[in-house]
Amino acid sequence: MPELPEVETVVRGLDSSMRGRRIIRAEVFRPNLRVPFPPDFCERIAGQAVNKVARRAKYFMVYLEDGTVVIGHLGMSGRMIVRPQDAYPLARHDHVRWQMDDGKEVVFNDARRFGLMLLADADTLEQHDLLVHLGPEPLSNHFSEDYLATELLKKKSAIKPVLMDQRLVVGVGNIYASEALFRCGIHPGQPAHLCAEQAGTLVAAIRAVLEAAIASGGSTLRDYARESGEMGYFQHQFQVYGREGKPCYACATPVARITQTGRSTFFCPSCQASITRRSRKRAACG
DNA sequence: CGGCAAACCTGCGAGC
DNA sequence: TGCTCGCAGGTTTGCC
């Protein structure tokens, strides 16, 4: 699934396609995805103009003129497709279709149905169940070195799964967790209570890899595609993700893969040498 | 409360 | 060619 850069890419495309346009008609072709659609989903959307499309964490949000907000999540395999109306037959896994007033249609397609779409009110959006527990945006000033260092001191498990906890910081998923840790030379299995110096380099690495991925239009793997149907190309810049057994670009050591909390983690055993308890005690930054 | 496995689904590539 | 198996970008739930 799309992580923050992919959702950001989709949101930018949707905003340019939908902002200021009116949704003429809304249709749902399946009663539920991860959660059931609200019973009045289509009626509350149809006929309304779109104020803007924005992102929070990995959610996209379509702001309608009457204060209703469509909250959506792409899950693992969700796509938002913008195409000319009636130019294509309904495809397998097309779950939602919005007909726009400019002759286009916006289609939500999600094979694995881990995605969701529901309605909220703009006034109380931040208090919504899905959003209220989310951590800071990684590209905002709220995600600071002090913040991360302080929060990580409370954690006992390995740093990589902790980075994927959306209550700590949003938008970092399985790919970018591995990529960020490689960039700052931290072993994914290292206990999460990093020293302040490491926390600082990690903040910078997370920002850098997410910004670079956004600049490349996100990553396209398997069934993920950009809103426009074009392909993001950041996957060609992965340093470790999906490169098990291939030489590290920095030192030629074969990239390793391990499983952490059920997810694959990729890292360079040399560049991200694990820090033993003893050597960490000796480390100057403890 | 923290941490982890399992569950939610379908599709695809690898290997036999 | 055709089957089975393992794996896939996320989040929630439930169990220790």
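Each chain gets a letter, A, B and so on, in the order the sequences are listed, and its residues count up from 1.
- Summarising the geometry, the separation between CZ on A:F60 and P on C:dT11 is reported as 13 Å, rounded to the nearest angstrom.
- Taking only side-chain atoms of A:S264, from C-beta outward, the nucleotide of B:dG3, C:dG10, C:dC7 with the closest atom is C:dC7.
- Protein atom CG of A:L131 is 12 Å distant from nucleotide atom P of C:dT11, rounded to whole Å.
- The nucleotide whose nearest atom lies closest to any side-chain atom of A:K58 is, among C:dA8, B:dC4, C:dG10, C:dG10.
- Taking atom P in both C:dG6 and B:dA6, one finds a spacing of 14 Å when rounded to whole Å.
- Electrostatic pairing of A:R44 and A:D121 counts as a salt bridge here, judged by a charged N lying under 4.0 Å from a carboxylate O.
- At the phosphate of C:dT11, OP1 or OP2 sits under 4.0 Å from a side-chain N or O atom of A:H73.
- When distances run from any side-chain atom of A:A111 to the nucleotides C:dT11, C:dA8, B:dG11, the shortest one goes to B:dG11.
- Per the geometry, CD belonging to A:Q166 stands 15 Å off P belonging to C:dT13, to the nearest Å.
- The distance between atom CD1 of A:I71 and atom P of C:dG10, rounded to the nearest whole Å, is 19 Å.
- With P as the reference atom, C:dG14 and B:dC9 are 15 Å apart, rounded to whole Å.
- What separates CG of A:L33 from C1' of B:dA7 is a distance of 17 Å, to the nearest Å.
- Ring stacking holds between A:F114 and B:dC8, with the centres under 5.5 Å apart and the planes within 30 degrees of each other.
- Nearest to the side-chain atoms of A:R263 among the listed nucleotides C:dA8, C:dG10, B:dG3 stands C:dG10.
- Residues A:E8 and A:R12 are paired through a salt bridge, judged by an N-O separation under 4.0 Å between the basic side chain and the carboxylate.
- Residue contacts shown for A:R92 are limited to sugar-phosphate atoms, with no base heavy atom under 4.0 Å away.
- Backbone-only engagement by A:L130 is indicated by non-hydrogen atom pairs under 4.0 Å involving sugar-phosphate atoms exclusively.
- Counting only Watson-Crick or G-U wobble pairs whose defining distances are both under 3.5 Å, the stems of 3 or more consecutive pairs in DNA chain C are B:2-8 with C:10-16, B:10-16 with C:2-8.
- Atoms CE (A:M164) and P (C:dT11) sit 8 Å apart, rounded to a whole Å.
- Counting atom types as modelled, A:R113 pairs no side-chain N or O with a base atom of B:dC9 as donor and acceptor under 3.5 Å.
- In this structure, A:K156 does not reach the B:dG2 phosphate: none of its side-chain N or O atoms is under 4.0 Å from OP1 or OP2.
- The closest donor-acceptor contact from the side chain of A:E3 to the backbone of A:G173 lies under 3.5 Å.
- We find that CZ of A:R112 is positioned 11 Å from P of B:dT10, with the value rounded to whole Å.
- For A:E137, the side-chain hydrogen bond (donor to acceptor under 3.5 Å, both in side chains) partners two or more places apart in sequence, or in a different chain, are A:R55, A:R56.
- For B:dG11, one of the phosphate oxygens OP1 or OP2 lies less than 4.0 angstrom from a side-chain nitrogen or oxygen of A:H93.
- Rounded to whole Å, atom P of C:dT11 lies 14 Å from atom NE2 of A:H133.
- Of the two residues contacting DNA chain B, namely A:R34 and A:V162, the nearest-nucleotide position lying further toward the 5' end is that of A:V162.
- Remark: the backbone N or O of A:I159 is not paired with any side-chain donor or acceptor of A:Q190 at under 3.5 angstrom.
- Ion pairing of A:K154 with A:D165 is absent here, as no side-chain N (NZ or NE/NH1/NH2) approaches a carboxylate O to less than 4.0 Å.
- Residues forming a salt bridge (Lys or Arg N to Asp or Glu O under 4.0 Å) with A:D66 (at least two apart in sequence, or on another chain): none.
- Cation-pi geometry between A:R243 and A:Y249 is met: the NZ or CZ atom falls under 6.0 Å from the ring centre, inside 45° of the normal.
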